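As the structure is a computational prediction, the values presented were derived from the model and not from experiment.
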Amino acid sequence: MVKETDKTGAHVTLALAVALAIASIASLFVGVIDLRPSELFGGDLKALELFPISRLPRLLAILCTGMGMSVAGLIMQQLCMNKFVSPTTGATIASAKFGILIALLFVPNSTLWGRAILSFALALIGTWIFVGFIQRIRFKDTVMVPLVGIMFGNIVTGVTSYLAFRYDMTQALSFWETGHFSMVLRGRYEIVYLVLPLLAIAIAFANHFNIVGMGKDFSRNLGVNYRLVLFMGLSIAAAITASVVVVGSISYIGLIIPNIVAMFKGDRIRGTLIDTALLGALFVLVCDVLGRIIIAPYELPIELIVGVVGSLLFIGILLRRLKHGRRAIRLGASRREGAAA
């Protein structure tokens, strides 16, 4: 039975990898400027110039964004023991954008890397404040935890909007608030490559995240430093969010992708992390291609496509989990029962 389950999981992973490879190749030839394989391989100078400057960087940015945000959501859900927590509902994205504004206000001549560092610092602080809030809630309702994050995120967003309006930075900040890949060119996106080593670290410490997700007492009984692993996991999620902010704010990815994968492969992070990354990249890539072709030759921001499709998927996930009872939503109860057994 275990071998059959492993084979099924391997088949799912392989299918996601093949689908992502096919979609990636197709996306290279979709855009405002027509680009055909025959032109690229035939030595057409225009095609050879467009491919490395625009199409390939855009594809790499999409893949890193989808993988990074979905894995960041998976880590946060595991550590917070709640399937509705993500960089969006945990105030991580809102805090990262606040960090970008701080950089624009006080270090206007800073490089992209400098802004990313400030964004990471504020994202980490905001995430830890959110975790501090939920740790002080005595009775953690499944919906209460993300609601606290949404309210805190709205407060941060309100402060960010006020400061941007007060210091006439609204237009400059708007570039970072709407997710899009149309401005991704060689030399302006490489910071998203930080996602790759962060994903490697997440894979290496996946078992530790599993243990910490079972609670503080369970972690101590197994000799795992609860606070250190918690800090490491939240730091990875904040760093991924900060590195992805260069293409703008993209919601829902870290919320819906881990939930979809969990429906088929369970909640064990080591068994779902690769599939979550692959499905996240595939989801963002498909949404980006849709944004390019719906009103071609114009382009819709990917945040709009992801918002529409993601909200519909989230409603479906919510209805399905409510139909199967509250235990299907909450991670903590089932884990404690298994640990006690």
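With hydrogens and angles disregarded, no donor-acceptor distance shorter than 3.5 Å links the side chain of Ser161 to the backbone of Gly158. A side-chain donor-acceptor contact under 3.5 Å links Thr65 to the backbone of Ala61. Checking side-chain atoms of Asn259 against main-chain N and O of Lys83 turns up a donor-acceptor pair under 3.5 Å. Although no hydrogens or angles enter the test, the distance criterion places a donor-acceptor pair under 3.5 Å between the side chain of Gln77 and the main chain of Val85. Formation of a donor-acceptor pair under 3.5 Å by the Ser219 side chain with backbone atoms of Ile211 is found in this model. In this structure a side-chain-to-backbone donor-acceptor pair under 3.5 Å is present from Asn154 to Ile150. Remark: side-chain polar atoms of Ser119 are paired, donor with acceptor, to backbone N or O of Ala96 under 3.5 angstrom. Without hydrogens or angle criteria, Arg58 side chain to Ser27 main chain gives no donor-acceptor distance under 3.5 Å.
A 4.5 Å side-chain heavy-atom check between Val145 and Phe130 finds at least one atom pair inside the cut-off.
With rounding to the nearest 0.5 Å, the separation of CD1 in Ile75 from CD1 in Ile240 is 5.5 Å. Separating the CD1 atom in Ile269 from the CD atom in Gln78 is a distance of 5.0 Å, to the nearest 0.5 Å.
In the hydrophobic clustering of ILVMFWY residues, with side-chain heavy atoms under 4.5 Å counting as a link, Val12 and Phe264 come out together.
Residues meeting the ring pair (Phe, Tyr, Trp, His ring centres under 6.0 Å) test with Phe205, sequence neighbours left out: His208. Arg55 is linked by a salt bridge (charged side-chain N to carboxylate O under 4.0 Å, His left out) to nothing, counting only residues two or more places apart in sequence or in another chain. Looking at residues two or more places apart in sequence or on another chain, you find no side chain to side chain contact (heavy atoms under 4.5 Å, CB included) involving Asn221. The ring pair (Phe, Tyr, Trp, His ring centres under 6.0 Å) test applied to Tyr167 returns no partner, not counting sequence neighbours. In terms of the ring pair (Phe, Tyr, Trp, His ring centres under 6.0 Å) criterion, residue partners of Phe152 (sequence neighbours excluded) are, by chain and number, Phe133. The side-chain hydrogen bond (donor to acceptor under 3.5 Å, both in side chains) check on Asn207 picks up Arg270, with sequence neighbours excluded.
Using cut-offs of 30° and 60° for the angle between ring planes, the Phe314 and Tyr252 rings count as tilted.
When only modelled atom types and interatomic distance are considered, Ser70 and Thr276 share no side-chain donor-acceptor pair under 3.5 Å.
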